[in-house]
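First comes the structure, then the notes that go with it.
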Amino acid sequence: MSVFAFLDVPAEYAQHAATALAGGVHPLLGATATAAVIVLTTALVRLALHPLARLQVRGEKLRTRIAPQLKELTKRHKGDPARLREAQVALYRAEGASPLSGLLPSLLMWPFIAVLYRLFSLPVLGGHANTLLTGTLAGIPLGTHLTGALPGQLPVFLALYALLALVGLIGFRRARRGADPTAPGASVLPYLSFGTVLFAAFVPLSAGLYLLTTTSWTLVERALLRS
């Protein structure tokens with residue numbers, strides 16, 4: 001049993017809600033109703049998590065702003081760890097923040113993101129078939145993996161990966177522009193923007209559609225919050 005199996009309970013409730021929503025929009029969208037609901041559900045959850053995203057970005061901005069001061073304190077108290085900790089605490093107190101600024105919102109967002117991922121990637125939830133994965137996109141069952149796709153279905157997968165790569169490229173360029181060249185791993189971290197493309201090749205079409213939606217949302221959201 002997976003250590004994340006406890007997430008199946010909320011994922012089942014989310015499945016029932018999403019399935020009902022798909023049934024409601026089916027007369028309008030037909031066979032693509034379930035695919036549209038994946039996008040809509042992801043967008044609604046990310047919208048609900050937006051206040052946490054704002055706190056996360058605010059914390060990241062704070063860490064970036066005080067990074068030079070922290071570096072100076074490290075040099076000044078290099079041989080005195082106790083004094084260094086006191087100086088760091090005083091700095092964070094003066095800024096009205098803590099070393100965990102930005103981290104706590106990320107931790108609070110994780111369960112919701114994890115539930116969405118399980119909802120759109122697992123064929124079975126809590127011992128019951130995940131009916132969302134029986135929907136279709138361009139005639140392809142949403143539960144289809146790249147390795148099981150027919151030749152005529154490959155263009156849909158390739159189009160999805162191309163869009164993910166485009167989002168990754170934009171994220172890569174933004175990360176390169178905003179990276180601190182002195183930070184550890186600064187030259188490598190921007191390349192993680194392309195990791196979603198590789199990951200999408202190992203999950204069903206439904207999860208790939210979810211990844212495209214949530215990464216696009218993150219890209220636009222961070223661009224607006226950092227402007």
Side-chain angles (χ1 to χ4, degrees), residues 1-50 53 109-168 171 194-221:
M1 179 181 294
S2 169
V3 294
F4 300 115
F6 69 95
L7 294 172
D8 284 356
V9 174
E12 281 189 88
Y13 283 108
Q15 177 199 359
H16 295 322
T19 301
L21 181 59
V25 301
H26 186 272
L28 297 174
L29 301 177
T32 61
T34 304
V37 164
I38 290 176
V39 175
L40 178 60
T41 301
T42 303
L44 289 175
V45 171
R46 293 303 306 269
L47 181 61
L49 295 176
H50 180 69
M109 292 168 67
W110 177 84
F112 298 93
I113 301 300
V115 165
L116 281 181
Y117 172 72
R118 293 183 75 81
L119 174 62
F120 299 135
S121 64
L122 298 183
V124 177
L125 287 172
H128 303 285
N130 186 351
T131 55
L132 287 177
L133 271 62
T134 61
T136 62
L137 175 64
I140 306 173
L142 291 168
T144 304
H145 285 70
L146 175 63
T147 54
L150 300 175
Q153 298 173 338
L154 292 179
V156 174
F157 282 89
L158 295 178
L160 175 66
Y161 301 153
L163 290 173
L164 282 168
L166 177 60
V167 173
F194 296 107
T196 309
V197 184
L198 179 62
F199 188 68
F202 296 94
V203 296
L205 182 60
S206 53
L209 187 59
Y210 157 71
L211 289 172
L212 176 61
T213 305
T214 194
T215 53
S216 299
W217 182 284
T218 299
L219 186 68
V220 174
E221 184 176 60

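Only this structure's heavy atoms are used, side chains among them; waters, hydrogens and symmetry mates stay out. The structure presented is a predicted model; accordingly, all values stated were derived computationally and were not measured.
Residues satisfying the salt bridge (Lys or Arg N to Asp or Glu O under 4.0 Å) test with E221, not counting sequence neighbours, are R46. Residues meeting the ring pair (Phe, Tyr, Trp, His ring centres under 6.0 Å) test with F202, sequence neighbours left out: none. Legend: residues meeting side-chain hydrogen bond (donor to acceptor under 3.5 Å, both in side chains) with T196, ordered by chain and number and at least two apart, are absent. Every ring pair (Phe, Tyr, Trp, His ring centres under 6.0 Å) that Y117 has, sequence neighbours left out, goes to F199. Partners of A14 according to the side chain to side chain contact (heavy atoms under 4.5 Å, CB included) rule, which considers only residues two or more places apart in sequence or in another chain, are L119.
Listed by first and then second residue, the salt bridge (charged side-chain N to carboxylate O under 4.0 Å, His left out) pairs involving residues 8-31 are D8-R118 (not counting sequence neighbours). Note on residues 143-155: no pairs pass side chain to side chain donor-acceptor pair (under 3.5 Å), not counting sequence neighbours. Counting only residues at least two apart or in different chains, side chain to side chain donor-acceptor pair (under 3.5 Å) contacts with residues 26-35 are absent. Applying the salt bridge (charged side-chain N to carboxylate O under 4.0 Å, His left out) test to residues at least two apart or on different chains, none of the pairs has a partner in residues 197-217. Sorted by first and then second residue, the salt bridge (charged side-chain N to carboxylate O under 4.0 Å, His left out) pairs with a member in residues 138-161 form an empty list; sequence neighbours excluded. Listed by first and then second residue, the side chain to side chain donor-acceptor pair (under 3.5 Å) pairs involving residues 13-25 are Q15-T131, T19-T131 (not counting sequence neighbours).
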For residues 160-167, which side-chain donor-acceptor pairs fall under 3.5 Å, sequence neighbours excluded?
none

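Counted within 6.0 Å of CZ on F112, heavy atoms from surrounding residues, nucleotides or ligands total 12 or fewer; the atom is thus considered open.
Using modelled atom types, one side-chain atom of T136 and one backbone atom of A31 make a donor-acceptor pair closer than 3.5 Å. Using a distance-only test at 3.5 Å, with no hydrogens or angles considered, no donor-acceptor pair links the side chain of T214 to the main chain of L211.
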